[in-house]
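Not measured: the values here are computed from a predicted model. Lettering follows sequence order; numbering is per chain, from 1.
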Protein chains: 2
Amino acid sequence: MKSDVQPRSDCVFSNVLDLLGDKWTLLVVRDLMFFGKHEYKEFLASPESIATNILSDRLKKLVIAEIAAEKTHPENKSRKYYYLTEKGKALLPMLIEMARWGAIYLPDLERMQGVYAKLKSDPGKVRAAVLRSLRSWERDHI
Amino acid sequence: MKSDVQPRSDCVFSNVLDLLGDKWTLLVVRDLMFFGKHEYKEFLASPESIATNILSDRLKKLVIAEIAAEKTHPENKSRKYYYLTEKGKALLPMLIEMARWGAIYLPDLERMQGVYAKLKSDPGKVRAAVLRSLRSWERDHI
DNA sequence: TTGACCACTTGCATTTTGCAAGTAAGATTA
DNA sequence: TAATCTTACTTGCAAAATGCAAGTGGTCAA
C-alpha cells in the first residue's frame with residue numbers, strides 16, 4: 001500500500017526519502033531495531049525528546065508504509081506494541097552502513113564506541129544479533 | 001568542522017540525520033554520486049524540481065559539512081563545480097543499501113530497473129564503477 | 001555597451017515542526 | 001463505585017522551515 005504522499009519522481013532514492021527523509025522517522029526505526037523499544041512512552045523517553053504530535057505522526061506513517069506494525073497490548077488496552085515488519089527489518093543493512101560511515105566521520109560520539117568496535121570487527125555478527133533479538137521479542141509478544 | 005546545528009543526542013543515527021535527514025540533501029548527494037552532475041543548474045534540472053533557495057542552502061550545508069567541495073569553474077567565474085569529498089564518497093555503501101532495499105520494496109520504479117539488475121548481480125562492481133567515474137572526473141577537472 | 005547566463009537572494013505565503021495544555025479510554029486504588 | 005492515575009494521543013498556536021516567484025549581481029559574449 002502506497003503512502004498518500006505524491007512521489008517527486010520515480011527514482012529509488014527520492015521515493016525512499018519521501019518515506020524516511022526527515023529527522024525523526026529513522027530515529028523511531030532505530031529505537032525499534034536496536035533498543036528493544038516497542039511502546040509510545042519508550043520512544044518518548046529517547047534522548048532526542050521528540051514531540052508527542054511528531055511521534056504519533058511518524059508511528060502512524062511507519063504503519064501505513066508497512067515498515068512497522070502495531071498491536072494492542074495483550075493485558076492492557078491502553079497500551080500498544082509497535083514492532084518492525086520484514087520491510088522494516090530490511091532497513092538494517094542501510095542503518096549499519098550509516099553507522100559505519102559515522103564510525104569514520106563522527107568518531108567522537110562517546111555513546112557509540114562499543115557499537116563502533118563491534119561494527120569494525122564483525123558487521124555480519126551485529127546484523128545477525130539484531131535480527132535474532134527482534135525475532136525473539138516477536139515470539140514472546142506477537 | 002562541525003555543523004552549527006546543535007546535536008540532539010550523541011547517537012550516530014541522530015547525528016547523521018542532523019546532517020542528512022531531510023528530503024533534499026541526499027538527492028543532491030545522489031546527483032553528485034551517480035549522475036555526474038557538478039553544477040548548480042544541473043541539480044536544478046533533476047526531475048524532483050528542487051527550489052533554488054533550498055538547493056543553494058543544501059549545497060552550502062554539504063560544503064560546510066565537508067561532504068562536498070566546490071571550486072570555481074576554470075574558464076568561467078560565473079560557474080562553480082561541486083564534487084564529493086572522500087567523506088561524501090564514503091556515503092556510497094549506505095546509498096547502495098538504500099537502493100537495494102528499494103529494489104525489494106519499491107520494485108515498480110520504471111527508471112530503476114537497470115540499476116536494480118546491476119545491484120542484484122554485483123553490488124561490488126556497481127560501487128567500484130561509481131568510484132572510478134568520480135575519480136576520473138576529478139582527474140579531469142580538479 | 002547590452003543582453004544573456006549563472007548562481008544565487010529576497011519577501012512573503014504555505015507547510016511543517018514543536019510547545020504546552022488538554023482529552024478520552026482504560027486501569028488502579030480507595 | 002467513584003476518584004485518580006496512566007497511556008496515547010489531539011489541539012491550538014507560535015516558531016521554523018519550505019517553496020514560489022521575482023529580483024539581483026557578477027560574468028561572459030557579441
Enquirer: Provide, to the nearest angstrom, the distance between the NZ atom belonging to A:K61 and the P atom belonging to D:dC9.
Expert: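 Those two atoms, NZ and P, are 15 Å apart.
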
Enquirer: Measure from NZ or CZ of A:R8 to the centre of the six-membered ring of B:W24, then state whether that distance is under 6.0 Å and the direction lies within 45° of the axis.
Expert: yes

Enquirer: Give a yes/no on whether any side-chain N or O of A:W24 is located under 4.0 angstrom from OP1 or OP2 of C:dG18.
Expert: yes

Enquirer: Send over the distance from B:K23 NZ to C:dT15 C1', rounded to a whole Å.
Expert: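 One finds 11 Å between C1' of C:dT15 and NZ of B:K23, rounded.
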
Enquirer: In this structure, are over 12 heavy atoms from other groups packed under 6.0 Å from B:K120 atom NZ?
Expert: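 Open.
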
Enquirer: To the nearest Å, how far apart are B:L62 CG and C:dA7 P?
Expert: 16 Å

Enquirer: From CD1 of A:I54 over to C1' of C:dC19, roughly how many Å is that when rounded to an integer?
Expert: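 Computing the A:I54:CD1 to C:dC19:C1' distance gives 11 Å.
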
Enquirer: Just by distance, with hydrogens left out, do B:T85 and B:E66 show a side-chain donor and acceptor under 3.5 Å apart?
Expert: no

Enquirer: Is there a side-chain contact between A:R79 and the phosphate of C:dA25, meaning an N or O under 4.0 Å from OP1 or OP2?
Expert: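 Result: no.
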
Enquirer: Nearest whole Å is fine: how far is D:dT7 P from A:Y81 OH?
Expert: 13 Å

Enquirer: Send over the distance from B:I50 CD1 to D:dA21 C1', rounded to a whole Å.
Expert: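 After rounding, the reported distance stands at 16 Å.
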
Enquirer: Distances under 3.5 Å between protein N/O atoms and the N/O atoms of nucleotides 24-27 of chain D, please, pair by pair.
Expert:
residue: D:dT27; atom: O4'; partner: B:S78; partner atom: OG; Å: 3.2

Enquirer: Within this structure, what is the CD1-CE distance for the pair B:I96 and B:M94, rounded to the nearest 0.5 Å?
Expert: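 Rounded to the nearest 0.5 Å, the CD1-CE separation comes to 11.0 Å.
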
Enquirer: Should A:E42 and A:K80 count as an ion pair when the cut-off is N to O under 4.0 Å?
Expert: no

Enquirer: Could you note down all residue pairs passing ring-ring contact (aromatic ring centres under 6.0 Å, His included) where residues 82-107 of chain B supplies at least one of them, sequence neighbours left out?
Expert: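 Those involving residues 82-107 of chain B are B:W101-B:Y105.
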
Enquirer: Does the plane of the ring in B:H141 sit parallel, tilted or perpendicular to the ring in B:Y81? Use 30° and 60° as the thresholds.
Expert: perpendicular

Enquirer: When rounded to the nearest 0.5 angstrom, what distance separates CE in B:M33 from OG in B:S133?
Expert: 11.5 Å

Enquirer: Whole-Å distance between C:dA27 C1' and A:H73 NE2?
Expert: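 Spelled out: NE2 on A:H73 to C1' on C:dA27 is 12 Å.
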
Enquirer: Rounding to a whole Å, what distance do you find between A:R8:CZ and D:dT18:P?
Expert: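 Taking atom P of D:dT18 as the reference, CZ of A:R8 is at 11 Å.
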
Enquirer: Report, one pair per line, the protein and nucleotides 8-12 of chain C atoms (nitrogen or oxygen only) whose separation is under 3.5 Å.
Expert:
residue: C:dC8; atom: OP1; partner: B:K80; partner atom: NZ; Å: 3.1
residue: C:dC8; atom: OP2; partner: B:Y82; partner atom: OH; Å: 2.6
residue: C:dT9; atom: OP2; partner: B:S56; partner atom: OG; Å: 3.1
residue: C:dT9; atom: O4; partner: B:T52; partner atom: OG1; Å: 3.0

Enquirer: For the residue pair A:T25 and A:L19, what are the closest heavy atoms and their distance?
Expert: CG2-O, 3.9 Å

